[in-house]
Amino acid sequence: MTVQAQRHGGYLDRPSPSSLADVVEIILDKGIVIDAYIRVSLVGIELLTIDARIVIASVDTYLRFAEATNRLDLVEHGGGEPLPDFIHDLQEGGASGKVGGAVKGVKKALTSGDDDEDEDEEERPRRPRKSASSRRRSTSR
Amino acid sequence: MTETDLETDFETALFVYAVVSAEHELPKDLRGVDDAPLELVTHGSIGAVVGEISAVRPPGRRADLTAYSTVVDALLTGGAVAPMRFGTVVPDRETLVADLLAPSVDHLAQQLAELEGRTEYHLRVTFVEEAVLTEIAEADPRVRELRAATRDLPEDASVRDRIRLGELVTQSWERWARADADRILDELVPMVSTHRVRREPGLASVLDLALLVDADRAQEVEDHLEHLAAETSGRLRFRLAGPMAPYDFVGSG
């Protein structure tokens, strides 16, 4: 891709485009598709999508967030510190309260994961960190 | 003839990279998959950029994906580009014209006109996990209680509470992600030509968007995102890829 060199103050992350992970995320399953009946074939999709994983958010996700929450050192934050301005009133986002059971499936494709680590994924697809028992595999699409 | 005949009846085939204007000038020395030279096969006002590949080669190597992406993005210097889906292969030039270009020439020409002078970006906004978890814990007494109740217990003894804790945290997380996403979108949408949500706000990301931006507003969009990123640093991470070919804004031929 023709991503240009970083020219800003640096809060906005402008990733280096050459990483395979980025390329896959950008182009897989995109582009013009022509009707299937004509004599056209799509090569190469299988090998790439086999690397994709779909992880259904579940108890594992809850436990991961519980662990992450428990790792926080809240005491040092004083517990009553005012929240940053950017967080607006909870009312606005949370009034409905109808989120029960609505944890969405977390798609862990070949490219997903922490942004910081994308550069390392050139050759090896990321494996989900969850235990095998709760992982449901599927080729994406 | 069926699709499966393709693989046995032909030794070579044409890999189709993108549809462009018939006058599109291909970058010199640009090579594609298998290092093949590229060619523009035209029909009326449009053309397809193709390169020969072996029809009996093993499909879909990673290098092919990179080669495809390199070609499509390099084509951008010559004008509007409508990328074909990666892996599109036709047996020969006649088939390409008869089955791909001719039936869709008007539609594709119109699509190219819409893409002219526009470029795609991908924006991904994520929460800084520790910051947001801290906010959630501070905002919700139930989270603090469950945290206190589970923190120093062995995992086995507190599974039920830990699940409940995680459930509450993920619910808040998703709610906040949605609210932040809405706010950023409100600011961004008036600045862009079109946008497409690649992934709904949730645990994985606050925003995951493809943006189609007029080239003469690209700098404005980039500057605004830089401003937003600075304003929310420590809580949100902004990642912007592009400008790139409009992969997300071409439909079926």
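Note that this is a predicted model, so its numbers are computed, not measured. These numbers come from the heavy atoms of this one structure, side chains and all, not from hydrogens, waters or symmetry mates. Throughout, a chain's letter reflects where its sequence line sits, starting with A, and its residues are numbered from 1.
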[X] versus chain A, heavy atoms under 4.5 Å apart: side chain, backbone, both or neither?
X      : answer
B:V72  : neither
B:F249 : neither
B:D140 : neither

Backbone N or O of A:Y11 within a donor-acceptor pair of the B:E226 side chain at under 3.5 Å? yes

What distance do [X] atom [atom1] and [Y] atom [atom2] have between them, rounded to the nearest 0.5 Å?
X      : Y      : atom1 : atom2 : value
B:L225 : A:L12  : CG    : CG    : 6.0 Å
A:I32  : B:L108 : CD1   : CG    : 5.0 Å
B:I136 : A:T69  : CD1   : OG1   : 7.0 Å
B:W173 : A:F65  : CH2   : CZ    : 4.5 Å
B:R147 : A:R71  : CZ    : CZ    : 11.0 Å

Who among B:R198, B:E129, B:H227, B:R164 has the most heavy-atom pairs with chain A under 4.5 Å? B:R198

Residues passing the side-chain contact (heavy atoms from CB on, under 4.5 Å) test with B:S54, sequence neighbours excluded, are B:V56, B:R57

Do A:L72 and B:E130 pass the side-chain contact (heavy atoms from CB on, under 4.5 Å) test, and can you show the C-alpha distance, the side-chain angles, and the key distance before you say yes or no? CA-CA 7 Å; A:L72 297 173; B:E130 192 180 329; 3.4 Å; yes

Do B:L240 and A:D13 have side-chain heavy atoms sitting under 4.5 Å apart? no

Show your working on salt bridge (charged side-chain N to carboxylate O under 4.0 Å, His left out) between B:E222 and A:R14 and close with a plain yes or no. CA-CA 10 Å; B:E222 290 186 19; A:R14 305 294 301 267; 3.0 Å; yes

Sorted by chain and residue number, the salt bridge (charged side-chain N to carboxylate O under 4.0 Å, His left out) partners of B:E187 (sequence neighbours excluded) come out as none

Indicate yes or no: does B:R151 engage A:E67 in a salt bridge with an N to O separation below 4.0 Å. no

